[in-house]
*Asks:* 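Please find one structure pasted underneath; my questions will follow.
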Protein chains: 2
Amino acid sequence: MDQTPPLNALRAFEAAARNNGFSRAADELFVTQSAISHQVRQLEDWFGVQLFERGGGRARLTPQGEGLARSLGDAFTEIRDACRKVRETAVGEPLNIAVIPSIAACWLIPRMAEFTAENSDFPIRLTYAIHGQPIDFNQTDIAIVYSREKLAVPRARATPLFPGASVPVCSQSLLDWHGPLTGPEQIAGAPLLHDTDWRGWSDWFLKTTGQERRADDGVVFEDFNLMRSAALSGQGVALCPLSIIQDDLKAGRLVALSETTIDEESAYYILEPASLPRTSAPKTRTFKAWLLDAAIN
Amino acid sequence: MDQTPPLNALRAFEAAARNNGFSRAADELFVTQSAISHQVRQLEDWFGVQLFERGGGRARLTPQGEGLARSLGDAFTEIRDACRKVRETAVGEPLNIAVIPSIAACWLIPRMAEFTAENSDFPIRLTYAIHGQPIDFNQTDIAIVYSREKLAVPRARATPLFPGASVPVCSQSLLDWHGPLTGPEQIAGAPLLHDTDWRGWSDWFLKTTGQERRADDGVVFEDFNLMRSAALSGQGVALCPLSIIQDDLKAGRLVALSETTIDEESAYYILEPASLPRTSAPKTRTFKAWLLDAAIN
DNA sequence: CAACCTCATGAGATATTTTCATATCATACA
DNA sequence: TGTATGATATGAAAATATCTCATGAGGTTG
């Protein structure tokens, strides 16, 4: 017969006891109250002993539960301390991040200070991930890329970071000079800025007006950042992914001209090699968690 | 970011460190070496630190691994102790076992002493489970039953205990008196003992000779135990499940007359109610584990 | 009361853990 | 030098455990 009960149930119980409530334990462990309830019950069933006294709107420890909780508290503290100590010995290899230029310029670098502030002695090497050029995962721990379809890379794991849907935007100065730009007709009259090719605007006009429209005039930029510079300096209307120009919109540097989005299926993805070198795995984990958190903001 | 690494990985690592090898740790935890390997690696990835030095035919702890192992050893010991203490407080409600008469008489009761010796202060109440009569799981924690098909009972969980295949057997004394009983012809000439109905022998003759044979003579007993008594006292040949007369065969009280078995699809099952009352759950677990272990013997 | 806590629960979705079936690697021995 | 041997590694599939969702039930509190 088994010697020790399920460890995860013990942890859940310990958290519940310490926090004096299932819901609070659930918050601590980043799970639902339901999960804690299931786990505590599992433990009680395993022992054949009631650990919490329910009813009265809250759960109180039984005497047996109290004793168990005290010992477990000590033990888990010891475990946590020991683990922290091990982590601290992890050496300072830099984390290699490869990011597409647009994200780097508009989103990541402005937020980078926040990350480094929270994570001191966390060396980082930031490089470009160029679209269409495979990422060398021997030199990259984590990457951020853009993809029009659901991303599936052979030896890597993809996690969506944020959506890639684009809307027409321009600078306030352009509006002042040109007058209002509402609806496809007016927008078509303004200088159009293209990223890479003509496809974006063609799609957008098709979607808004229901019919094909030639959109092969205006300037085509090699790269998103160039197009954005042009848009910022009032040279025309550009189709930009909402997610990455949110700072520009908030600051009033750019103004969205329509609700209609294109490329709604596209997204920005976090890419990690399927198997990370040991020394960079925890850093990658930390950074990824921060990315996902920052993406919500 | 997470505060503690996966607990199960920590346990695997601790066992590997203490046992000085993955394979031995695997034995201790009743898993495969592969599982330990995966878990230790997971932990190393989590920490970003090498915990074991591989190569040289065996794994040795790194300095960091050594420190971690020591702390974890202490912590897990404390956990185990605390859990043992809780279990000991579990009060002594009796375990209610319901068993079909054949198993009770031939198999369980002869082994019961062994169980009670290993498990002192473990009160037991043994009752009959009568075939065809539903088991009242309000008064039964665990049951052993027989079924010709794969068993599925609504609010209960069934675990196969041992096979139910039957062979012809008789006492040595009958053989002495009657002469050898080899093959269907000779057996047909001896008095046949029936359990419940004629079906058993009909099936057996059909299986051995390939053709139907009337087998409606001989004595029909209400119950297996009666038939067994008759067989033991040399009154004829009976079809008995191999599993439950193994003691009789070993002791030479009964002799198997053929290799050909019937009811090969049938089996004896352990039945547990889907949700056990808290106080009996651990006892049930213990008893079930013992049953399954004893079944292998 | 009614709003708002608390914990409970069953079913289904998700994630983790384990196994299986090899692969690799170093050592010992012939 | 080959094998044989005894260790760990590994990828994919299977088996389990865990978590969430959606909801229920019971208790406080204004």
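Throughout, a chain's letter reflects where its sequence line sits, starting with A, and its residues are numbered from 1.
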*Asks:* Tabulate atom names and distances for all N/O pairs under 3.5 angstrom spanning the protein and nucleotides 14-20 of chain D.
*Replies:*
| residue | atom | partner | partner atom | Å |
| --- | --- | --- | --- | --- |
| dT18(D) | OP1 | N8(A) | ND2 | 3.4 |
| dT18(D) | OP2 | Q42(A) | OE1 | 3.4 |
| dC19(D) | OP2 | Q39(A) | NE2 | 3.0 |
| dT20(D) | OP2 | T32(A) | N | 2.4 |
| dT20(D) | OP2 | T32(A) | OG1 | 2.7 |
| dT20(D) | O4 | H38(A) | NE2 | 3.2 |

*Asks:* Going by the rule ring-ring contact (aromatic ring centres under 6.0 Å, His included), which residues pair with F13(A) if we only count those two or more places apart in sequence or in a different chain?
*Replies:* F52(A)
*Asks:* May I ask you to establish whether R87(B) and W46(A) are in a cation-pi arrangement, using a distance under 6.0 Å from NZ or CZ to the six-membered ring centre and at most 45° from the ring axis?
*Replies:* yes
*Asks:* Taking CD from E53(A) and C1' from dG27(D), how many angstroms apart are they, rounded to a whole number?
*Replies:* 15 Å
*Asks:* State which residues pass ring-ring contact (aromatic ring centres under 6.0 Å, His included) with Y128(A); sequence neighbours excluded, sorted by chain then number.
*Replies:* none
*Asks:* Grab the CD-P distance between Q50(A) and dC7(C) for me, whole Å please.
*Replies:* 14 Å
*Asks:* With sequence neighbours left out, write down each residue that passes salt bridge (charged side-chain N to carboxylate O under 4.0 Å, His left out) with E265(A), or none if nothing qualifies.
*Replies:* none
*Asks:* Rounded off to whole Å, could you give me the CZ-to-C1' distance for the F22(B) and dC25(C) pair?
*Replies:* 14 Å
*Asks:* Can you name the side-chain hydrogen bond (donor to acceptor under 3.5 Å, both in side chains) partners of Y269(A), sequence neighbours left out?
*Replies:* none
*Asks:* Write down the distance between CZ (R54(B)) and C1' (dG6(D)), rounded to a whole number of angstrom.
*Replies:* 16 Å
*Asks:* Can you measure W46(B) atom CH2 to dA15(C) atom C1' for me and round it to whole angstrom units?
*Replies:* 17 Å
*Asks:* Check the distance between dC7(C)'s C1' and R24(A)'s CZ and give it to me in whole angstrom.
*Replies:* 12 Å
*Asks:* Return the set of residues passing side chain to side chain contact (heavy atoms under 4.5 Å, CB included) with D74(B) (not counting sequence neighbours), or none when no residue passes.
*Replies:* E78(A)
*Asks:* How close or far is atom P of dT8(D) from atom CD of E44(B), stated in whole angstroms?
*Replies:* 12 Å
*Asks:* Give the rounded distance in Å between these two atoms: CG of L61(B) and C1' of dT8(D).
*Replies:* 15 Å
